[in-house]
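A short worksheet on the structure shown next.
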2 protein chains.
Amino acid sequence: MFSVSARTQYAIRAMAHLARLEGKSATAADIASAQGIPLKYLEGILSRLKLSGLVESERGKNGGYRMQGRAQDVSMLAIVEAMDGSVKPVSCVDSAASCAQGRACLPRKFWIGLKSAIDAYLNEHSLKDIVEGDQV
Amino acid sequence: MFSVSARTQYAIRAMAHLARLEGKSATAADIASAQGIPLKYLEGILSRLKLSGLVESERGKNGGYRMQGRAQDVSMLAIVEAMDGSVKPVSCVDSAASCAQGRACLPRKFWIGLKSAIDAYLNEHSLKDIVEGDQV
DNA sequence: GTATATTCCTACTATTCAGATAGGAATATA
DNA sequence: TATATTCCTATCTGAATAGTAGGAATATAC
Ligand code: FES
Ligand code: FES
């Protein structure tokens, strides 16, 4: 229950890899072989990370990916959301209008609270905590 | 991300239905029609709730399901776990031995912390909060 | 003791989604 | 021009979720 996708776990490893390079860039192939991630799958992951502004890329020869910003400024929430979208225990959690049960939905506040609890935890932790290992 | 199964949502509605009966019993068919849940699907849900000791059942004519205990003693965690098992952001979260990354897994403590945060929230809330609507 | 209402059990189907793979177009460097 | 790279699109596969179907077991009522 509440399991995290392989994609997100890969993304965290990829970001941790880039974080350790301190601004230098790495190619997708570098990351894939170092982290044991299927290259073609990783490409899709890096593409999403780029869309969310967490990495920037350069193509052509000598191209690669570079982390944006400092590790302590990259929240785990940002990485998770870049992969699988925002936390939504129920699909209608952030728009009451789309609630099937409408005004009569008793668990609504409960779900909103759950989302808040998860978001808060993910937002309190940064890539730095991961890279440094036992900060959590 | 982190969405809850239809099964769990159905289970909550079914439990809320039973909670409002204050110890009286209802048949699966009653609950199904009142809550708009497919009967045959609901039967499987009630079976799991029974396995976890959240409801008890009586079969044959005049049979049905009855909630065990008071609504404030039924944690939401119990319901969620009865449906989809324990909270596991990563499958190895509760046995370091099964960790693919082993001792070298940097995010491990982070995942354990996430599980704790979710478990705590779910455990702090009871069926009573749901039935009463805006306690959350 | 027969009809009926119910839980309970097993198996099946359909749909969706995650994970992965494949091939190649666009682009930058040497 | 050759090469290394990102980037784009399409496809395949396996597993899980949601739902369906049929009937066996069991308790009650008449
Ligand atoms: S129907 Fe939207 S939260 Fe319940
Ligand atoms: S491999 Fe088990 S927590 Fe990372």
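Values in this document were obtained by computation on a predicted structure and should not be read as measured data. Quick note: numbers below take in every heavy atom, side chains included, and nothing from hydrogens, waters or symmetry partners. All chains are named by letter (A, B, ...) in the order of the sequence lines, taking the proteins before the strands, and each is independently numbered beginning at 1.
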Starting at atom CD1 of B:I31, determine the distance to atom P of C:dC8, rounded to an integer number of angstrom.
12 Å
Just the rounded figure in Å: distance from C1' of C:dC8 to CG of B:L49.
15 Å
What nucleotide among D:dT5, C:dT27, C:dC8 has an atom nearest to a side-chain atom of A:T27?
D:dT5
Without decimals, in angstroms, what is the distance between B:E43 CD and D:dA18 C1'?
15 Å
Measure NZ/B:K61 against C1'/C:dG1 and give the value in whole Å, please.
14 Å
Euclidean distance, atom CG of residue B:L39 to atom P of C:dC9 [Å, nearest integer]:
16 Å
Under 4.0 Å: is that the gap between some side-chain N or O of B:Y41 and OP1 or OP2 of D:dT17?
no
If you count every heavy atom of other residues, nucleotides or ligands that lies below 6.0 Å from B:E58 atom CD, does the total exceed 12?
no
Could you identify the nucleotide paired to D:dA15, looking across every strand shown and requiring Watson-Crick or G-U wobble geometry with both distances under 3.5 Å?
C:dT16
CD1-CZ distance between B:I130 and A:F110, expressed to the nearest 0.5 angstrom:
5.5 Å
Could you tell me the separation between the CE atom of A:M1 and the P atom of D:dA16, rounded to a whole number of Å?
14 Å
For A:A29, report the nucleic acid contact type (base, sugar-phosphate, nothing); a contact means any heavy atom under 4.0 Å.
nothing
According to a strict under-4.0 Å criterion, is B:Y10 in side-chain N/O contact with OP1 or OP2 of D:dT17?
no
Which one is paired to D:dT26, where only Watson-Crick or G-U wobble pairs with both distances under 3.5 angstrom count?
C:dA5
Between A:T8 and A:E58, just flag the one whose closest nucleotide in DNA chain C comes earlier from the 5' side.
A:T8
Between B:S57 and C:dC8, is there a side-chain N or O to OP1/OP2 distance below 4.0 Å?
yes
Does any donor-acceptor pair link the side chain of A:K40 with the base of C:dG19 at a separation under 3.5 Å?
no
At under 4.0 Å between heavy atoms, what does A:G44 touch on the DNA or RNA strands: base, sugar-phosphate, or nothing?
nothing
Evaluate B:K88 against A:S3 for side chain to side chain contact (heavy atoms under 4.5 Å, CB included), listing each step before the verdict.
CA-CA 5 Å; B:K88 288 192 186 188; A:S3 59; 5.5 Å; no
Within this structure, what is the OG-CD distance for the pair A:S52 and A:Q68, rounded to the nearest 0.5 Å?
12.0 Å
Would you mind telling me which of D:dT6, C:dT4, C:dA30 lies closest to the side-chain atoms of A:N62?
C:dA30
Side chain of A:R59 only, please: which of C:dA26, C:dT7, C:dT21 is the nearest?
C:dA26
How would you list, by chain and number, every residue that makes a side chain to side chain contact (heavy atoms under 4.5 Å, CB included) with B:Q101, sequence neighbours excluded?
A:R13, B:C105
For D:dT9, which nucleotide in any strand shown is its Watson-Crick or wobble partner with both distances under 3.5 Å?
C:dA22
Taking C:dT21, D:dC7, C:dC8 as options, the one with an atom nearest any side-chain atom of B:K50 is C:dC8
Would you kindly compare A:G60 and A:S47 by the position of their nearest DNA chain D nucleotide and give the one closer to the 5′ end?
A:G60
A:R7 side chain to A:M83 backbone, donor-acceptor under 3.5 Å
yes
Roughly how many Å is it from CG in A:L42 to C1' in D:dT5, rounded to a whole number?
13 Å
B:I37 CD1 to D:dA18 C1', in whole Å, measures 13 Å
